Amino acid sequence: MESSVDAGAEVNENYGVKSLLDFIDACPTPFHVVDRVADVLRSSGFIEMDETVEWPVTAGSRFVRRGGSLLAWRHQTCDAGFRIIGAHTDSPNLRVTAQPDTGQAGYRQLGVEIYGGALLNSWLDRDLGVAGRVATPSGTRLFRIDKPLLRVPQLAIHLDREVNQNGLLLNPQTHIVPVWGLGLRTPGEFASVVAEAAGLNHDEVLAWDAMLHDLTPSVVAGIDNEFVHAPRIDNLVSCWAGLQALIHAPADSPPSSVLCLFDHEEVGSTSAQGAASTMLPALLERMAGSRETLHPALARSRIVSADGAHATHPNYPERHEPDHHIAIGDGPVIKRNANQRYATDAVGEAAFAAACEKAGVGHQVYVHRGDMPCGSTIGPFAASATGVTTVDVGVAQLSMHSAREMCGAQDPLDFALALSAFLSVAD
Ligand code: CO
């Protein structure tokens, strides 16, 4: 059996920051995340399971997909319980409406809805492509257009004189409508563009889940290459780190390893495939085979819920809890909240700190300021759906929910090492 330290060394060697940048750039939508992860899993020997049939054998390395969510696992027996890593595949963005062909003042424009808590200003004056999935008579198909098709132009300062004094106010219905051409609105135009991109006839395009993405590639940045500048760091860094940990987990020894990548975290997780759905409990039941096997296994299990954490902002240090400052480069962040916006308790904190120590990486502990509402994540959902001790952790970042975020260049690798160690820790 390979030790976790060896597995960790392999993660570092084979899956450096370049692998992370490639992953982020390959995944403009949750559907592309799931597609990419499925490819990596298949090439690592995982077999895809069909949710619509009975599973005669539950042992082995397997995965299952549902929309923009994917669960993968390495399983032999339930004797040592489950070690579960959760993350989310979605990020706040602009999503194309059902009847999007619109326009005004001589421009052809595309109707969009705001998905999740996007920083709207960050979508202004960017070269935007569009990607997603299209429903056809014979199933769904992915599409992706990386041309600079779209732009949301900011109002000139001469027409908004007080913007730097009073702040930028953006109405999500009227100010964020991207421009993509000149002339009159053309009904059916977006469907035609989707059809061409997906290799379909126009009448095969029945509906779409389509969203915009910034075309600027992810980069390593900073004077000493200490940063990553990229879109969707929240939460593709966690998806990537969890994937590295799972594919390097021991294939045939307890505890069983599970990776859950859920869609719809940014809008509250309550969907058929979100973290609040039955997807994870149903999988664990199928892995166990019977409830009598499942329940003792759950009592021996642990969940790590992996999601972005707030690094202390150098220009706004007063926005942070003064005794819980978080530094980029100082390792994984364990998130605590007394009101259970984060699921971590003392037992979970200690368990993940031990995993970090085993992996040879540092860790930090985050608490939100008492006079500001705290964000949440998938941890409380996974904990309440399973009854399993859960710890919320993540990589420190700035600009959370911007179209272009930043984090450290070393922290994602350290996070993958810590998650690897977590998967191999039995009680
Ligand atoms: Co997140």
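Counting starts at 1 for both ligands and their atoms, in listed order. Predicted, not measured: the structure shown is a model, and the values here were computed from it.
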Separation between CH2 of Trp240 and CD1 of Ile233, rounded to the nearest 0.5 Å
12.5 Å
Can you find a side-chain donor-acceptor pair between His264 and Asp90 that sits under 3.5 Å?
no
Checking only N/O/S atoms, does Glu266 have one that is under 2.8 Å from the Co ion (ligand 1)?
no
Could you tell me which N, O or S atom of Asp234 is nearest to the Co ion (ligand 1)?
OD1
Can Arg36 and Asp39 be counted as an ion pair, charged N to O under 4.0 angstrom?
no
Rounded to the nearest 10 degrees, what's the angle NE2 of His88 makes with OD1 of Asp307 at the Co ion (ligand 1)? Could you check?
90°
Is there a donor in the side chain of His368 and an acceptor in the side chain of Asn337, or the other way round, less than 3.5 Å apart?
no
